[in-house]
Amino acid sequence: MKFFLDTADLNEIEEAASWGALAGVTTNPSLYARIGGKLADFPGHIKRICEIVDGPVSAESVSTQRDDIVRDGRELSALAPNVVVKVPTTIEGLAATRTLADEGIRVNMTLCFSVPQALLAARAGARYISPFIGRYDDISEDGLDRVGDIVTAIGNYDFTDATANHEKVEIIAASVRSANHVTQCALMGADIATVPFGVLQKMVQHPLTDRGLERFMQDWEKVQNA
Ligand code: E4P
């Protein structure tokens, strides 16, 4: 399983990248708004993320009609070679995905909530599909079950994207709210989990690690004073 950071915060991205386990970043309009991002700064901000991260960086189209999504996608992909264009899982999004992928632009189909949506995203040529967990939990449904179904259904076929590279279609478990979400997604075989910085921090923590380290330090102190 690979880990992407789900944020637009440069400090969080720099810190997470320094840990050596970061494979990419996903952003969305809400995450950019959360850091107080301004429209004019957006292209430069995405470029900066792409410099920090050695891996795919998802930048989202903010349009709803296919021609506009395609225009956004071309502009975003021109910012850096590792930009992946995020496109909503709608009819217009599917059409735009096919056009972009045929042009060699990698697409991450987002706001995916069902197996039929995921299958259509794969058939339209997307490189990544992002099913959301937490937003199901928010409406008292089991997001992990839904993502599990999508992982199983997509895994039944050898989908590749529609770019000339024919790269394997990968599932990005998104809207992740806890380290347990990550555990369950790994057990079900999701290719990638995109996680907020707070979840990434929790993933590395364990009380027995802290207690064990404390004991090793105390015992080494004894060795030094022996
Ligand atoms: C990432 O691709 C998604 O946009 C993000 O994970 C959504 O998370 P949220 O449901 O916590 O806003």
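Counting convention: from 1, in listed order, for ligands and their atoms alike. Worth knowing before you read on, the calculation uses all heavy atoms, side chains too, and leaves out hydrogens, waters and symmetry mates.
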For residues 180-194, which side-chain N or O atoms pair as donor and acceptor with protein atoms under 3.5 Å away, sequence neighbours left out?
| from | atom 1 | to | atom 2 | distance (Å) |
| --- | --- | --- | --- | --- |
| Asn180 | OD1 | Gln184 | NE2 | 3.1 |
| His181 | ND1 | Arg177 | N | 3.0 |
| His181 | NE2 | Asp137 | OD2 | 3.1 |
| Thr183 | OG1 | Ala179 | O | 3.2 |
| Asp191 | OD1 | Lys168 | NZ | 2.9 |
| Asp191 | OD2 | Ile171 | N | 2.7 |
| Thr194 | OG1 | Thr26 | OG1 | 2.5 |

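- The hydrophobic cluster containing Leu213, built from Ile/Leu/Val/Met/Phe/Trp/Tyr side-chain heavy atoms closer than 4.5 Å, also comprises Met217.
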Below 3.5 Å only, please: the N or O atoms of ligand 1 paired with protein N or O atoms, distance on each line.
| from | atom 1 | to | atom 2 | distance (Å) |
| --- | --- | --- | --- | --- |
| ligand 1 | 2 (O) | Lys86 | NZ | 2.7 |
| ligand 1 | 4 (O) | Asn28 | ND2 | 2.7 |
| ligand 1 | 4 (O) | Lys86 | NZ | 3.1 |
| ligand 1 | 6 (O) | Asp6 | OD2 | 2.6 |
| ligand 1 | 6 (O) | Ser175 | N | 2.8 |
| ligand 1 | 10 (O) | Arg135 | NE | 2.7 |
| ligand 1 | 10 (O) | Ser175 | OG | 2.6 |
| ligand 1 | 10 (O) | Arg177 | NH2 | 3.0 |
| ligand 1 | 11 (O) | Arg177 | NE | 3.2 |
| ligand 1 | 11 (O) | Arg177 | NH2 | 3.3 |
| ligand 1 | 12 (O) | Arg135 | NH2 | 2.8 |

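- Remark: the Thr7 side chain and the Glu12 side chain contain an N/O donor-acceptor pair separated by less than 3.5 Å.
- Ile139 forms part of a hydrophobic cluster together with Leu111, Phe113, Phe132, Tyr136, judged by ILVMFWY side-chain heavy-atom separations under 4.5 Å.
- In terms of hydrophobic clustering, with Ile, Leu, Val, Met, Phe, Trp and Tyr side chains grouped at heavy-atom distances under 4.5 Å, Phe197 and Leu31 are assigned to different clusters.
- Salt bridge present: Lys222 and Asp219 bring a charged side-chain N and a carboxylate O closer than 4.0 Å.
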